[in-house]
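Below is one structure, written out as structure tokens, with a few remarks after it.
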Protein chains: 2
Amino acid sequence: MVSKNFGFGTQIRKSPYFDSTVKWGAAGFSVYNHMYIPRDFGNPEQNFWNLIEKSILCDVAVERQVEITGPDAYKFTQLLTPRDLSKLAVGQCKYVLITNNDGGILNDPVLLRLAENHFWLSLADSDVLLWAQGVAVNSGLNVKVSEPDVSPLQLQGPTSGEIMIKLFGEDIKDLKYYWLRELELDGIPLIVSRTGWSSELGYEIYLRDGSKGNILYEKIMEAGKEHGLQPGHTSSIRRIEGGMLSYHADADINTNPFELGLDRLINLDSEVNFIGKDALKKIKQDGVKRKQVGLELDCESLERPNTTFWSIYKNGKNVGKITSAVYSPRLKKNIALAMIKVNHSEIGNTLKVSINDAEINCIIVEKPFYDPKKKIASS
Amino acid sequence: MVSKNFGFGTQIRKSPYFDSTVKWGAAGFSVYNHMYIPRDFGNPEQNFWNLIEKSILCDVAVERQVEITGPDAYKFTQLLTPRDLSKLAVGQCKYVLITNNDGGILNDPVLLRLAENHFWLSLADSDVLLWAQGVAVNSGLNVKVSEPDVSPLQLQGPTSGEIMIKLFGEDIKDLKYYWLRELELDGIPLIVSRTGWSSELGYEIYLRDGSKGNILYEKIMEAGKEHGLQPGHTSSIRRIEGGMLSYHADADINTNPFELGLDRLINLDSEVNFIGKDALKKIKQDGVKRKQVGLELDCESLERPNTTFWSIYKNGKNVGKITSAVYSPRLKKNIALAMIKVNHSEIGNTLKVSINDAEINCIIVEKPFYDPKKKIASS
């Protein structure tokens, strides 16, 4: 899997960091947005400890960007998301949902505002480029929608701040949570934002020249040496602890934002127009039939995350499914995100889950499972 | 890779045939349309011989369908493709391109017409569901665009006809190339079409009930026993011999149909309206700058397909790239599809290609490399 000839052809792209990640020990890859993503540097539990005790560098070039420019770029971007963008300053980021006409979720990107009419959607795994270009066709708005040569890295963990200072100087300390800056590193053009997918202190470093990928990766690893930086991958353990979504696993085109309890991302009370508004109004009015909950599973430590959706039962009846489950070595518990019928979704309810023909007891608990106010990441 | 726990989570879907393919020897998977696809049943050369001498059964559930229904379904589907659909009968299929407003290729699906206003786009690897839903938003057309519970298999090879007779009776002999039928197999609901991705005689069998995947797979393998049927995967060797495209490898959003010589799929001379028409008119008028060609490479037999784009040089100058290359054990040659500058694209031209730091001679030849008139598949 990790030889130079990794893969079945040119149909799946290699990241600009591919050679460096292999050199630093990447042993297994998944595919995301038509590109390989390293998902295995040995023990995933060690990767978790590396992340929460020191820091890790993750190749997330698969977070492809949809770039929206042109005189109507702001108006068009607002059309794409139910979140109110009227207070999004230039230099600011927001976590947003992209919804279709039925209020179904197509993606949950981070939106970056680089200039008055210059936006990036930093994507989860779906071709929002096609969605946005399709919407643009008959929109009557003057915009250009394209995929730029941009490939992010995530530098995440408690020592990431010190590494960033070493790379970019003391000034970087002033970069606030969910804000961005345009920077260079030895002439390599970058955008840097204080965002990530770990619920830890962390930064995303968006490379704007794909030919410089391996050079950038090595520079950051070098700077991080004295701060315990390890090569790594996004941690399923940490993101489930933090209650963060993995698109296709915890949400898909048939999931609506209210089922996920993401009401704060949905702006129905202003005059702002966006795709899915009518459908979302109706869903809110009618109430949801399913709801995402946190679960604790009463069984031996899971060896790894679930690779199928596990069915949940109450009194022998199917009432939902576990979407993401993992053993947290810090909490010493099996924790999971699940989608279940709303009348079974109360905290404290006990349910059964079917795992490889075994029946396991589980209980609904508060989520996120750790640091519920996101103090670690945001302070 | 092939255990029950295969994968990194639920983020990538398993096909309804997953368990059967593992049971029958699938040893490696790629990802396509957010779903695992078996791409390794041992030796790819043996898979090629199995295909051209007997037949193979391929899990191509990754060919997700975009279903278009509603009173304006015909009009909307025509809007999505430059191919003239006015003569597409109910029960007929066509190979089509989906183009964006710039004439760039978003996908190259097979279009199936199931009823007057009921279409499926049987996709290559991109989220055309999002594209089509995006286009629909402001189109003013009354359509429903969704992904149905449909998962195709490909049964391909010279004995596939006999296997189909055994499964469905003598009637199936009348099914013509690029036509479809609605059928059942022991109560399992199916669509069957005479299409495929092998340039051999072949059929696609679209399962319309995902819960029956493994049952269907086993039934077909059982019926094929006496006809030499083997489990397999789409063959890079055969499809490159046949000059068939692999999306993302040989074409992408920045490729236009004329660069691929697919003029026959572009209808610019009627009043029919479709997305990209103006752009394609201009491209045709101005002439293309690049062109796809077939190449023979003068080097040792390639061990496997290229996994990066190989640069092509003339007199030391970069003039293009090899998109797909493979050794054909039947032709006893290394053959490739390449995109090169139009002024270097003449048959007989010699060029250099850079492969892992070695410089190899190559020559432009006619393509397809085998059975150029598609007599095998269509007769």
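Every chain is numbered from 1 and lettered A, B, ... according to where its sequence line falls, protein lines coming before strand lines. It should be emphasised that the depicted structure is a prediction, and the values quoted were computed from it without experimental measurement. The analysis underlying the following values was restricted to heavy atoms, covering all of them including side chains, and did not include hydrogens, waters or symmetry mates.
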* Gap separating the CG atom of L141(A) from the CG atom of N138(B), nearest 0.5 angstrom -> 8.5 Å

* Could you note down all residue pairs passing salt bridge (Lys or Arg N to Asp or Glu O under 4.0 Å) where residues 130-144 of chain B supplies at least one of them, sequence neighbours left out? => none

* Structure fact -> In this structure, CD of Q133(B) is separated from CG of L130(A) (nearest 0.5 Å) by 12.0 Å

* For G9(A), does its backbone N or O pair with a side-chain atom of T307(B) as donor and acceptor, under 3.5 Å? -> no

* To do: Pick whichever of A136(A), S246(A), A132(A), S30(A) has the most heavy-atom pairs under 4.5 Å with chain B.
  => S30(A)

* Heavy atoms from other residues, nucleotides or ligands near NZ of K277(B) exceed 12 (cutoff 6.0 Å) -> yes

* Structure fact -> Nearest heavy-atom approach of S126(B) to D127(A) is CA-OD2, 3.3 Å

* Asked: Do you know which of L129(A), N33(A), N101(A), I12(A) has the most heavy-atom pairs with chain B at a distance under 4.5 angstrom?
  -> I12(A)

* Most chain A-contacting option - heavy-atom pairs closer than 4.5 Å, from H34(B), E147(B), R39(B) -> H34(B)

* To do: Measure across Q11(B) and D125(A) and return the closest heavy-atom pair with its distance rounded to 0.1 Å.
  => NE2-OD2, 2.7 Å

* Asked: Would W131(B) and V135(A) satisfy side chain to side chain contact (heavy atoms under 4.5 Å, CB included), going step by step from the backbone distance to the final call?
  -> CA-CA 8 Å; W131(B) 166 254; V135(A) 169; over 6 Å; no

* Please flag which part of Y247(A) lies under 4.5 Å from any non-hydrogen atom of chain B: side chain, backbone, both or neither. => backbone

* **Closest non-hydrogen atom pair between T10(A) and T323(B), with its separation** => OG1-O, 2.7 Å

